[in-house]
Q: 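Here it is, the structure, as structure tokens.
Naming: A, B, ... by sequence-line order, numbering from 1 per chain.
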There are 2 protein chains.
Amino acid sequence: MEYKKELQRLIVDIKTNHLPSVSIDCVIFGFHQGQLKVLLLRWKNTDDWCLPGGRIRKDENMDAAAHRSLRERTGLHEIFLQQFHTFGDINRYRHYSQSETMAKLGLPEDVAREVISRDISVGYYALVEFANVVPTPDLLTDECRWWDVQQIPALLFDHNEMITLALKTLRRQLSYQPIGYNLLPEKFTMPDLQQLYETILGESMDRRNFQKRMLSYGILERLDERKTGGAHKSPYLYRFDKEKYEKALETESLFTA
Amino acid sequence: MEYKKELQRLIVDIKTNHLPSVSIDCVIFGFHQGQLKVLLLRWKNTDDWCLPGGRIRKDENMDAAAHRSLRERTGLHEIFLQQFHTFGDINRYRHYSQSETMAKLGLPEDVAREVISRDISVGYYALVEFANVVPTPDLLTDECRWWDVQQIPALLFDHNEMITLALKTLRRQLSYQPIGYNLLPEKFTMPDLQQLYETILGESMDRRNFQKRMLSYGILERLDERKTGGAHKSPYLYRFDKEKYEKALETESLFTA
DNA sequence: AACATAGTGTGTATCGGATACACATTGAAT
DNA sequence: ATTCAATGTGTATCCGATACACACTATGTT
């Protein structure tokens with residue numbers, strides 16, 4: 001049983017090199033074909049999905065641990081990552097009870113105890129460029145793939161709640177910080193950006209007013225290129241002015257609605 | 001050495017009944033005489049101050065642990081308490097290095113290791129009614145008292161940063177949620193409420209516009225009483241409509257500026 | 001080659017909340 | 001009785017947000 005050996009090695013590594021009682025969970029948002037996506041993992045030999053997560057090494061900052069987790073699941077290095085809530089209830093089982101969950105995971109008793117002990121879990125959400133992601137499962141999971149936010153199944157633990165809260169936080173963030181730098185390709189059209197906003201907020205907006213508002217923020221740079229290929233008038237391409245974008249992120253002062 | 005025995009008992013209790021690597025810190029805001037206050041603790045036999053904190057029992061929800069901490073320091077039971085950030089850097093020493101901090105705390109080596117081991121710390125902030133608080137130090141501290149937010153000294157660990165971030169979060173919260181229920185006495189005047197807002201936000205506002213805005217939220221009830229005693233026209237007393245106030249807290253939808 | 005189509009670029013009228021501002025009133029102090 | 005400082009209330013104005021219309025163009029169609 002090579003796999004079981006690997007598992008044991010993992011447990012030992014966790015016990016010796018990582019902080020006990022604390023874990024990290026990541027809600028990784030991507031944007032593709034007008035849909036907001038979340039990256040989920042499927043547990044080995046089951047049909048059950050959950051959020052990617054990880055633990056914090058004893059010699060590692062917590063944010064660094066979250067970045068590492070994300071790197072391992074997506075292959076991406078520079079990502080927008082933000083802590084949104086820390087989950088600390090004793091009972092974090094929702095759709096399945098603790099014993100059901102244990103059974104589903106199908107792990108040896110001692111391993112299971114380690115993997116799903118009572119943890120304080122720090123939730124992060126990430127915004128990534130869909131096209132650049134290489135979804136990669138880990139030792140405990142068979143599959144890693146994108147799910148449409150609207151079609152997420154009943155997840156293990158309290159992970160559905162985590163996604164809901166992450167989305168809520170993301171929506172609020174939209175009202176005082178710019179967004180899109182990590183979700184869109186470098187060059188994009190105004191309709192692309194609008195579609196992103198509409199998808200996240202779940203509502204449609206007036207095309208003309210949206211453009212005025214975005215431009216008023218002063219973080220966009222219109223290029224002399226246009227996007228061709230569509231059977232219509234070709235739209236201008238824009239890109240973010242990184243410097244002003246970062247400044248807006250910090251000050252949080254530019255935005256209102 | 002009765003004290004040392006008590007300390008040892010504390011350490012054992014922490015080790016056996018509480019989660020390792022996680023702690024809680026509380027920024028407790030009060031409001032008095034037009035000033036925003038924070039409750040701080042002074043370490044035994046030192047001049048060094050820090051935030052009240054605590055640990056999470058193995059059989060206790062994290063929020064419950066925070067409430068318990070607050071109850072122990074203030075005597076208050078029903079308080080507004082909100083998680084605002086989790087601090088996870090390895091090095092959380094700021095004004096004093098780790099060894100300086102160790103020295104300052106003057107604890108036996110083994111005790112110190114337990115008390116200031118590397119922790120992930122979940123930060124909460126609380127809003128309490130100043131007059132009802134009975135500041136109470138704990139086993140490790142000599143003194144518990146209010147400090148003016150503007151005059152907080154260099155604290156142990158990264159606690160100054162915690163206060164700064166808590167205040168920042170509180171200010172932002174003011175833009176989408178009502179505030180005051182836990183900071184003001186049951187009956188208060190419009191100028192009282194305005195002073196609270198001005199103190200938190202650090203800016204002055206127009207008296208008439210402020211009143212219009214507050215009343216437009218529909219969470220205030222004007223009483224038939226007036227406050228007498230001031231050498232001026234006596235202002236009306238108001239109180240919050242608890243039900244509508246709670247609803248506004250939940251929806252977060254009523255407020256804008 | 002001319003036309004139809006659907007999406008894009010841009011400008012203007014209007015509404016509504018936020019802001020600026022003024023005058024009458026009152027309770028205590030003198 | 002008078003004075004003073006703070007309170008109660010109303011109105012004009014500003015500005016961003018919203019609603020809305022027409023011209024333009026790259027492709028697909030005939």
Q: Mind checking what makes side chain to side chain contact (heavy atoms under 4.5 Å, CB included) contact with A:Lys227, not counting sequence neighbours?
A: A:Thr189, A:Asp192, A:Pro235, A:Leu237

Q: List the residues meeting side chain to side chain donor-acceptor pair (under 3.5 Å) with B:Thr86, not counting sequence neighbours, and say none if there are none.
A: A:Thr86

Q: Any side-chain hydrogen bond (donor to acceptor under 3.5 Å, both in side chains) pairs touching residues 143-157 of chain A, not counting sequence neighbours?
A: A:Arg42-A:Glu143

Q: Could you run through nucleotides 20-30 of chain D and give me one letter per nucleotide, 5' to 3': B if any protein heavy atom sits under 4.0 Å from the base, S if only the sugar-phosphate is that close, - if neither?
A: BB--BBBS---

Q: For A:Arg226, give me all partners under side chain to side chain donor-acceptor pair (under 3.5 Å), at least two apart in sequence or on another chain.
A: A:Tyr236

Q: Once you round it to whole Å, what is the distance between P of D:dT18 and CD of A:Gln194?
A: 13 Å

Q: Knowing that exactly one of B:Arg92, B:His85, B:Arg94 qualifies, which makes a side-chain hydrogen bond (donor to acceptor under 3.5 Å, both in side chains) with B:Glu161?
A: B:Arg94

Q: Tell me: CZ of A:Arg213 to C1' of D:dC15, nearest whole Å?
A: 16 Å

Q: Rounding to an integer number of Å, can you tell me how far A:Asp192 CG sits from C:dG7 P?
A: 14 Å

Q: Would you kindly give the CD-to-P distance between A:Gln195 and C:dG7, to the nearest whole Å?
A: 12 Å

Q: Expressed in angstrom and rounded to an integer, what is the separation of B:Met190 atom CE from D:dT9 atom C1'?
A: 12 Å

Q: Can you name the side chain to side chain contact (heavy atoms under 4.5 Å, CB included) partners of A:His232, sequence neighbours left out?
A: none

Q: Between C1' on D:dT7 and OH on B:Tyr236, what's the gap in Å once rounded to a whole number?
A: 10 Å

Q: Can you measure B:Leu215 atom CG to C:dA18 atom P for me and round it to whole angstrom units?
A: 13 Å

Q: Given atom CZ of B:Phe210 and atom P of D:dA6, what is their separation to the nearest angstrom?
A: 18 Å

